[in-house]
Amino acid sequence: MRKKVTKAIFPVAGMGTRFLPATKSIPKEILSLVDRPLIQYAIDEAREAGITEFIFVTSRGKGALEDYFDAAPQLEQTLRKKNKHDLLEELKRSTMDSGEIVYVRQREALGLGHAVWCARRLIANEPFAVILPDDVIAAEKPCLKQMVEAYENTGGCMVAAMEVPPHKASAYGLLDVKEDMGSLLKINGMVEKPDAKDAPSNLAVIGRYILTPKVLNNLGKLKKGAGGEIQLTDAIAMEAKSGNDVYGLRFDGQRYDCGSKSGFLQATIAFALSRPELHDELMDFLAETVGSRRAAQ
Ligand code: UTP
């Protein structure tokens, strides 16, 4: 029997420089799409995929994240008194049970791979998920759930894969595909942010992973890679090179890069339009604004 994936690592120790000055005092993961912080989308997706233990890799200045997941007795009492039951329910979704969530610190921002490695003592001999909250994925079936279901048949390591236009490919980790089986791909390896001429494909790795504990050993042996950082993709590629199965899953869904301003704004509009109470007013505003901009051009 394959071990179930019940633990997820959320690396949130990055500095979020692309959102300065906002991220000077607020963690990027607390920035909200409509009214829910990015981190809430990540937690909900993990829960729906069967995750029961949540491991946060944090750094200095991320205290607001810990507060966000704490109980808020005063606020709850006020909402109860005012019979605001809907808001109370919303609030409950953001509260984690004692012991459900743990925090480890990354002392220095040495890269995503290093952040994942910081959680090594909390992962025993079991598979685990990694979720980057910057990547928000709108999908009928949550992306990580799609991956967990595929993993139940394949085992090994699995990354979420997405086709990207060739001119954007060198901003991503790209898959070197061994066998294309439709939605599932078996891969030879991965290259982090290659020059366009060295790109092995236009299939990019995005922020969802299911990994075996061997990847943590690999991370411990790695030297700095692309951008002077310890790269998670290098440690996963080592698995493929040593003959172990590594898969990519072309997931169903729309991914938004909320680590970039443009992606964040696109997600804000898309999520707002999916809310019936906001849809009509926002559509009118967008039509009017786009119309008058076009007319002025
Ligand atoms: P990014 O590349 O988006 O970096 O990290 P960043 O620091 O968050 O943002 P910018 O580029 O300065 O605007 C991708 C993910 O990896 C985590 C980040 O928190 C984010 O979830 N990360 C990155 C770490 O936890 N530690 C690191 O050393 C680097």
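For the single chain, residues carry numbers from 1 onward in sequence order. What you see is a predicted model; the values in this text were computed from it and never measured. In what follows, every heavy atom counts, from backbone to side chain, and hydrogens, waters and symmetry copies are set aside. Counting starts at 1 for both ligands and their atoms, following the listed order.
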Quiz item: Do Leu87 and Leu75 sit in the same hydrophobic cluster, where Ile, Leu, Val, Met, Phe, Trp and Tyr count as joined when their side-chain heavy atoms come under 4.5 Å apart?
Solution: yes
Quiz item: For atom 24 (C) of ligand 1, which candidate among Gly14, Ala42, Pro27 holds the nearest heavy atom?
Solution: Gly14
Self-check item: Note, Val5 side chain near Leu144 side chain (heavy atom, < 4.5 Å)
Solution: no
Quiz prompt | Close side-chain approach of Phe251 and Ile206, heavy atoms under 4.5 Å | solution = yes
Quiz item: Below 4.5 Å, heavy atoms only, C-beta onward: do Leu203 and Glu163 meet side chain to side chain?
Solution: yes
Quiz item: Counting heavy atoms only, which part of Ala13 comes closer than 4.0 Å to ligand 1: side chain, backbone, both or neither?
Solution: both
Quiz item: Against heavy atoms of Leu110, which atoms of ligand 1 measure under 4.0 Å?
Solution: 28 (O)
Practice problem: Report the part of Glu229 in contact with ligand 1, treating N, CA, C, O as backbone and CB onward as side chain, heavy atoms under 4.0 Å; options are side chain, backbone, both, neither. | Solution: neither
Self-check item: Minimum non-hydrogen distance to atom 26 (N) of ligand 1, winning option of Arg18, Lys62, Gln106
Solution: Gln106
Quiz item: Which atoms of ligand 1 are found less than 4.0 Å from any heavy atom of Gly111?
Solution: 26 (N), 27 (C), 28 (O), 29 (C)
Quiz prompt | Identity and distance of the protein heavy atom lying nearest atom 17 (C) of ligand 1 | solution = Pro11 O, 3.6 Å
Quiz item: How close does the nearest protein non-hydrogen atom get to atom 5 (O) of ligand 1, and which residue and atom is it?
Solution: Asp134 OD2, 4.6 Å
Counting only pairs under 3.5 Å, give me each side-chain donor-acceptor contact of residues 118-131, with atom names and distances, residues two or more places apart or in other chains.
unit_1: Arg120; atom_1: NH1; unit_2: Trp117; atom_2: O; d: 3.1
unit_1: Glu126; atom_1: OE2; unit_2: Lys7; atom_2: NZ; d: 2.9
unit_1: Glu126; atom_1: OE2; unit_2: Ala124; atom_2: N; d: 2.8

Practice problem: Have a look at ligand 1 and work out which part of Val57, if any, has a heavy atom under 4.0 Å from it: side chain, backbone, both or neither. | Solution: neither
Quiz item: What protein heavy atom sits nearest atom 16 (O) of ligand 1, and how far off is it?
Solution: Leu112 CD1, 3.7 Å
Quiz item: ring pair (Phe, Tyr, Trp, His ring centres under 6.0 Å) with Phe69: which of Phe54, Phe10, Phe56?
Solution: Phe56
Practice problem: Please answer whether the main-chain N or O of Val12 pairs with a side-chain N or O of Lys62 as donor and acceptor at a distance below 3.5 Å. | Solution: yes
Practice problem: Would you check if there is a donor-acceptor pair between the side chains of Ser292 and Glu288 at a distance under 3.5 Å? | Solution: no
Practice problem: Just let me know how His114 lines up against ligand 1, side chain, backbone, both or neither, with a heavy-atom cut-off below 4.0 Å. | Solution: neither
Quiz item: Considering only heavy atoms of Met15, which atoms of ligand 1 have at least one such atom less than 4.0 Å away?
Solution: 6 (P), 7 (O)
Quiz item: At a 4.0 Å threshold, what atoms of ligand 1 neighbour a non-hydrogen atom of Ala115?
Solution: 24 (C), 25 (O), 26 (N)
Exercise. Would you check if Leu249 and Leu184 make a side-chain contact, meaning some heavy-atom pair closer than 4.5 Å?
Key: yes
Practice problem: Can you sort out the partners of Tyr172 under side chain to side chain donor-acceptor pair (under 3.5 Å), two or more places apart, ordered by chain and number? | Solution: Arg255
Quiz prompt | Region of Thr17 that comes within reach of ligand 1 [heavy atoms, distance under 4.0 Å] | solution = both
Quiz item: Can you list the atoms of ligand 1 that are under 4.0 Å from a heavy atom of Lys28?
Solution: 3 (O), 6 (P), 8 (O), 9 (O)
Quiz item: What atoms in ligand 1 come closer than 4.0 Å to a heavy atom of Ala109?
Solution: 28 (O)
